[in-house]
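Since the structure comes first, as structure tokens, the remarks are kept for the end.
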Amino acid sequence: MSGLPLDEDQVLCYPSTSRQRHGGSKPPESSSTDATGNEPEYSVAEDDEGLPYSEQYPTSHATCNVHDEPNAQTVAELQFEYFHHLAALPSYSFLHADTVVRRLNEKSLSEPLKLALCAIAALLLGHQHLPATAWVDRAEKALFDVLDRPSVFHLQALLLIIQYRAAAGYFARAFMLAGLAARAAAALRLHYEHSELSSVAQESRRRTFWALYLLEDLFSVGIAEYELCRPETIHLRLPNTDDSEAQGRTPAFLNSDEACETGGLGSHAAVLKLTSIRRSIMKVTRRILSNEQIFRHLLRDVNRHQTDLENIRKRLEPHNRYPPSDFRGFEWRPIYLMLHVSWHQCHCDLYRMFLPNYLQASPSSVLEGVSSEEQTRLGRAALKHAEEIAHIIGEFCRYAEDLRILELDTAVCAYHGARLILFGAFRLTDSSVGVMEKQRAISTAKLCLDFISRFFANTMASRPIRDDLTRLIRLQESLLASPSEGSPVSPDEAPTTSPGVSTFANARQKLSVHSLLLQSDFVDDSGDIAPSATEQPPRFIGSNTLPPATEHVQQGQSTVDSLAPDLLYPLFDGIDPFGISYWENAGLSQIGYDSAFAMPTFADGS
């Protein structure tokens with residue numbers, strides 16, 4: 001059934017292939033081909049009694065020895081929980097339940113993928129008695145052993161390993177592994193469509209890449225040097241909508257309106273488009289805060305993003321729109337919650353630059369062309385959308401008690417919404433605002449904190465925002481209890497710098513408190529290779545002259561002014577010091593494919 005209809009919340013199967021590489025220490029005991037050597041058709045896996053996978057494996061508490069791999073019963077239970085709680089999330093949607101079950105029964109599932117799947121399910125679902133870290137260590141080692149032979153299956157395992165490392169608190173390791181995942185995707189050319197594959201294989205391949213695309217937000221948003229997948233390099237379609245194959249439609253690209261006018265936009269594709277818009281907004285915000293660009297048409301940029309957001313809202317399929325017609329009978333899917341809080345968060349990110357004294361507020365020089373009335377209106381709009389985030393989260397907590405796992409980005413939206421609400425009640429409003437309004441703001445912030453604590457209890461990645469939101473609530477409560485003591489510490493005074501890196505980098509990047517890169521504690525040890533500034537600068541070996549960057553500095557001239565413009569390229573966004581002119585002058589512009597710089601050929605096992 002190669003034309004199997006696909007639901008947008010259903011994870012997809014990939015075809016068996018003789019080229020599959022297994023990262024374990026031994027080859028699989030059996031292949032996925034039939035007795036004739038042909039690949040089986042796609043079908044829903046069922047047991048002897050005709051039960052689908054979701055009814056085959058009731059949950060219990062199997063255990064295994066820390067030195068052994070998970071036994072069959074443990075694997076069966078953990079894969080069931082993975083597909084029951086995780087697989088509907090965009091970051092985990094690249095595996096197909098029935099195919100995984102079949103391959104587990106055949107003992108042909110990639111060993112690193114099996115171990116990584118079991119580990120992430122055990123961690124996020126609170127099975128602390130299971131040696132999940134040992135499984136991840138083993139899976140990671142198996143992938144490193146075949147580092148030069150990437151495959152889609154290895155990349156899928158690596159994505160789960162990165163999610164595990166981030167959730168378990170190994171933030172620095174997760175960050176470094178993310179770079180390897182991006183390299184693997186580039187080696188396999190996953191940025192491009194692969195039309196020769198079946199529709200199901202294409203969809204699994206797409207979702208694997210888009211899971212990598214979403215991974216970037218764990219570490220930073222809108223910082224070019226940390227981008228895993230630059231938008232201009234992506235030539236891959238978005239995931240399918242739930243009825244796209246039935247109507248003969250193909251999904252659109254990330255930055256294209258193709259097919260959107262004639263059909264609805266699925267929740268998975270909408271989340272990816274919103275992610276792209278949020279990153280675009282944050283890039284604008286960072287350029288404004290860094291004084292890198294004079295925005296003479298700031299409102300035009302704001303209106304452009306507003307239009308993009310409204311188009312997404314209008315194109316949502318009916319069952320994906322908010323509010324639902326009946327809250328009580330409505331099925332609160334995790335991606336539905338993620339979609340709508342993200343839509344409102346985009347507006348918060350867009351408008352909060354107009355809130356005076358807020359952390360992301362624009363400098364007064366940037367707002368000179370914007371009337372005070374317009375600034376007030378847009379600033380109030382940021383607070384309104386923050387209230388909407390809290391309202392949606394409140395409805396979710398009220399009616400969706402059985403869901404336990406959500407995307408971390410949902411917690412980030414709840415955190416920023418709560419910060420804006422507290423800021424509006426305690427630092428933006430005038431003295432005529434009563435105690436009741438401020439108490440309501442604190443209660444709303446507590447709702448968001450309870451939401452984060454409840455649904456993200458098993459991930460260390462949420463701890464920074466939990467701790468910071470707890471701090472803010474206590475500060476505002478102390479102010480409300482003792483107003484005569486003056487204003488508390490600003491909500492914007494949470495640490496957002498990395499002490500181990502340069503002050504220039506900290507000033508430019510301004511990482512958010514929820515950035516796992518900020519929590520990684522990387523240390524730039526460059527000082528160990530050269531004397532300190534108070535010592536005599538070293539001379540070049542074999543030369544009596546100082547380095548070119550300092551030998552021509554005139555007395556009274558600043559070092560920065562004396563540097564060549566290309567040494568200051570971080571100040572000029574979009575200018576590459578090693579651009580085409582550099583390579584032409586170096587005589588490297590005509591490097592052939594067969595040169596030493598040519599990319600090796602990798603096999604795409606999709």
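Residue indices begin at 1 and follow the sequence shown. Keep in mind that the numbers below use all heavy atoms, side chains included, and drop hydrogens, waters and symmetry copies.
For Thr285, there are no side chain to side chain donor-acceptor pair (under 3.5 Å) partners at least two apart in sequence or on another chain. With sequence neighbours excluded, no residue forms a ring pair (Phe, Tyr, Trp, His ring centres under 6.0 Å) with Tyr170. The side chain to side chain donor-acceptor pair (under 3.5 Å) check on His340 picks up nothing, with sequence neighbours excluded. Here Lys314 pairs with Glu310 under the side chain to side chain contact (heavy atoms under 4.5 Å, CB included) rule; sequence neighbours left out. Take His305 and apply the ring pair (Phe, Tyr, Trp, His ring centres under 6.0 Å) test, not counting sequence neighbours, and it matches no residue. The side chain to side chain donor-acceptor pair (under 3.5 Å) test applied to Tyr336 returns no partner, not counting sequence neighbours. Checked against ring pair (Phe, Tyr, Trp, His ring centres under 6.0 Å), Tyr192 has the following partners two or more places apart in sequence or in another chain: His235. With sequence neighbours excluded, the residues that form a salt bridge (Lys or Arg N to Asp or Glu O under 4.0 Å) with Glu232 are Arg230. Under the side chain to side chain donor-acceptor pair (under 3.5 Å) criterion, Arg321 pairs with no residue, sequence neighbours left out. Taking the side chain to side chain contact (heavy atoms under 4.5 Å, CB included) definition, one finds that Gln306 meets it with Val302, Asn303, Leu350, Tyr351, Leu378, sequence neighbours left out. For Ala386, the side chain to side chain contact (heavy atoms under 4.5 Å, CB included) partners are Cys348, Leu420, Ile421, not counting sequence neighbours. Residues passing the side chain to side chain contact (heavy atoms under 4.5 Å, CB included) test with Thr410 are Leu337, Met338, Val341, Glu407, Phe451, Phe456, sequence neighbours excluded.
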Practice problem: Before giving the answer on side chain to side chain contact (heavy atoms under 4.5 Å, CB included), spell out for Ile465 and Asp468 the whole-Å C-alpha distance, their side-chain angles and the decisive distance to 0.1 Å. | Solution: CA-CA 5 Å; Ile465 57 179; Asp468 192 54; 5.7 Å; no
Quiz prompt | Step-by-step salt bridge (Lys or Arg N to Asp or Glu O under 4.0 Å) determination, Arg279 to Glu216 | solution = CA-CA 10 Å; Arg279 292 178 183 177; Glu216 181 180 309; 3.8 Å; yes
Quiz item: Could you go step by step and tell me if Arg333 and Asn320 meet the side-chain hydrogen bond (donor to acceptor under 3.5 Å, both in side chains) rule?
Solution: CA-CA 10 Å; Arg333 295 167 296 139; Asn320 287 326; 2.6 Å; yes
Quiz prompt | Worked check of side chain to side chain contact (heavy atoms under 4.5 Å, CB included) between Phe330 and Glu395 | solution = CA-CA 11 Å; Phe330 183 73; Glu395 295 295 332; over 6 Å; no
Exercise. Give the intermediate values and the outcome of side chain to side chain contact (heavy atoms under 4.5 Å, CB included) for residues Glu388 and His347.
Key: CA-CA 11 Å; Glu388 288 296 324; His347 289 85; over 6 Å; no
Self-check item: CA sep, side-chain torsions, deciding dist, call: Phe455, Ile393, side chain to side chain contact (heavy atoms under 4.5 Å, CB included)
Solution: CA-CA 11 Å; Phe455 290 97; Ile393 286 174; over 6 Å; no
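Between Arg237 and Glu193 there is a side-chain heavy-atom pair separated by less than 4.5 Å. Annotation: side chain of Glu477 is not in contact with side chain of Leu480 (no heavy-atom distance under 4.5 Å). Arg206 has its side chain out of reach of Pro239: every pair of non-hydrogen atoms, C-beta onward, lies at least 4.5 Å apart. Proximity of Cys229 to Leu212: side-chain heavy atoms (C-beta onward) are separated by under 4.5 Å at one or more points. Contact of the Phe426 side chain with the Ile442 side chain is registered, since non-hydrogen atoms from C-beta on lie closer than 4.5 Å. Using a 4.5 Å heavy-atom threshold, the side chains of Pro90 and Ile335 count as touching. In this structure, the side chains of Leu190 and Leu236 stay at 4.5 Å or more apart for every pair of heavy atoms. No side-chain heavy atom of Arg286 sits under 4.5 Å from any side-chain heavy atom of Lys283.
The two atoms that bring Thr275 and Asp217 nearest to each other are CG2-OD2, 3.4 Å, heavy atoms only. Across Cys413 and Arg278, no two heavy atoms sit closer than the pair SG-NH1, 3.8 Å. The minimum heavy-atom distance between Leu86 and Tyr92, with the atom names listed, is O-CB, 3.4 Å. A pairwise comparison of heavy atoms in Leu355 and Gly379 identifies CD2-O, 3.4 Å as the closest pair. The two residues Leu447 and Gly394 make their nearest non-hydrogen contact at CD2-CA, 3.9 Å. Ser453 and Ala457 make their closest contact through O-CB, 3.3 Å (heavy atoms, listed as atom of the first residue, atom of the second, distance).
Atom CG in Leu272 sits 10.0 Å away from atom CD1 in Ile312 (nearest 0.5 Å). Between the CD atom in Gln375 and the CG atom in Leu367 there is a gap of 4.5 Å [rounded to 0.5 Å].
Between the side chain of Lys273 and the backbone N or O of Leu254 there is at least one donor-acceptor pair closer than 3.5 Å. Panel note: side chain Trp343, backbone Leu309; a donor-acceptor pair is recorded below 3.5 Å. Within the 3.5 Å criterion, the main-chain N or O of Ser276 finds no donor-acceptor partner in the side chain of Ser280. Of the possible donor and acceptor atoms, none in the side chain of Ser342 sits under 3.5 Å from a partner among the backbone N and O of Leu339.
Residues Trp332 and Phe396 bring their aromatic ring centres within 6.0 Å.
Relative orientation of the Trp210 and Tyr213 rings is perpendicular, given thresholds of 30° and 60° on the angle between their planes. Between His344 and His385, the two ring planes are tilted [angle within 30° to 60°].
Asp301 and Arg287 are not joined by a salt bridge, as no carboxylate oxygen comes within less than 4.0 angstrom of a charged side-chain nitrogen. Lys384 has no carboxylate O lying under 4.0 Å from a charged side-chain N of Glu387, or vice versa, which leaves the two without a salt bridge.
Cation-pi geometry between Arg463 and Phe171 is not met at under 6.0 angstrom from the ring centre and within 45 degrees of the axis.
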